[in-house]
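Notes to accompany the following structure.
So you know, we letter chains A, B, ... as the sequences are listed, proteins then strands, and number each from 1. Both backbone and side-chain heavy atoms feed into the values below; hydrogens, waters and symmetry mates do not.
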Amino acid sequence: MNFWLMKSEPEVYSIDNLFKDKFTLWEGVRNYQARNFMMNSMAVGDLVLFYHSNANPSGIAGLAKVSRTKLIDQTQFNSKSEYFDPKAGVDHPRWFCVEVEYLLKLKSVITLDDLRAHTSLLKMGVLQKGQRLSVMPVALNEFEYIYKNWISPTKSRDNFDSLNI
DNA sequence: GCCAACGTTGGC
DNA sequence: GCCAACGTTGGC
């Protein structure tokens with residue numbers, strides 16, 4: 001299993017939206033590196049830190065799980081969509097996405113300051129200066145650390161049993 | 001709203 | 001294939 005961090009602006013689509021929807025297609029990614037992660041590396045069951053960007057505060061707002069992979073992002077073909085890509089065609093799609101499933105919403109957002117206060121997390125992609133990727137991998141040790149410190153209901157568990165994964 | 005960082009585009 | 005110009009991201 002792999003771990004990911006995926007960014008969304010809560011004004012556009014928040015963890016509350018995902019709670020209501022239960023599932024969502026992660027459409028609109030128009031960055032090749034981010035696309036390649038979704039296309040080549042994500043597997044069903046991978047866990048996702050749902051990150052609110054451009055928010056008050058910005059940070060990790062909840063947890064999701066990859067439920068379908070290697071889907072063609074249909075918005076690239078829709079000339080009415082803000083994600084329309086005139087260089088893509090149904091016979092040669094450029095952009096792919098995954099579907100994610102809601103798992104939980106945190107009682108409070110784990111802010112960037114929260115994360116930076118822990119030396120074990122200093123290497124996290126999302127904390128690096130100038131990083132702009134909207135989909136990025138999270139190391140196992142980083143995910144476990146975050147899980148133990150902020151997500152696990154008992155804070156004493158060291159596995160993911162409570163999530164029924 | 002500012003602006004640093006970084007990805008993409010396109011002329012050459 | 002270089003690289004300047006431009007657009008976007010996203011914290012602040």
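Distance, A/Asn56 CG to B/dG1 P: 15 Å, rounded to whole Å. At whole-Å resolution of the value, CG in A/Asn31 and C1' in B/dC6 are 10 Å apart. Nucleotide C/dT9 holds its C1' atom 8 Å from the CD atom of A/Glu9, rounded to whole Å. What separates CG of A/Asp85 from P of B/dT9 is a distance of 9 Å, to the nearest Å. Rounded to whole Å, the distance from CE on A/Met136 to P on B/dA5 is 17 Å. Rounding to whole angstrom units, CD of residue A/Gln131 and P of B/dG7 are separated by 11 Å. One interatomic measurement links the two molecules: CG of A/Leu133 to P of B/dA5, which rounds to 16 Å at whole-angstrom precision. Residue A/Arg116 contributes atom CZ, which lies 11 Å from atom C1' of C/dC12 at whole-angstrom precision.
Annotation: of the two residues near DNA chain B, A/Arg132 and A/Arg94, the 5′-most nearest-nucleotide partner is A/Arg132. In terms of position on DNA chain B, the residue among A/Lys129 and A/Asn54 whose nearest nucleotide sits closer to the 5' end is A/Asn54.
Among all heavy-atom pairs drawn from A/Gln76 and A/Arg94, the shortest one is OE1-N, 2.8 Å.
Side-chain N/O atoms of A/Thr75 and A/Asn78 include no donor and acceptor closer than 3.5 Å.
Put simply, A/Tyr51 has a side-chain N or O that comes within less than 4.0 Å of OP1 or OP2 on C/dG11. The phosphate of C/dT9 has neither OP1 nor OP2 within less than 4.0 Å of any side-chain N or O from A/Lys7.
Both A/Met6 and A/Leu49 belong to a single network of hydrophobic side chains, linked directly or stepwise wherever heavy atoms of I, L, V, M, F, W or Y lie under 4.5 Å apart.
In this pair, A/His52 and A/Phe50 present their aromatic rings perpendicular. The plane angle is above 60°, beyond the 30 to 60° band.
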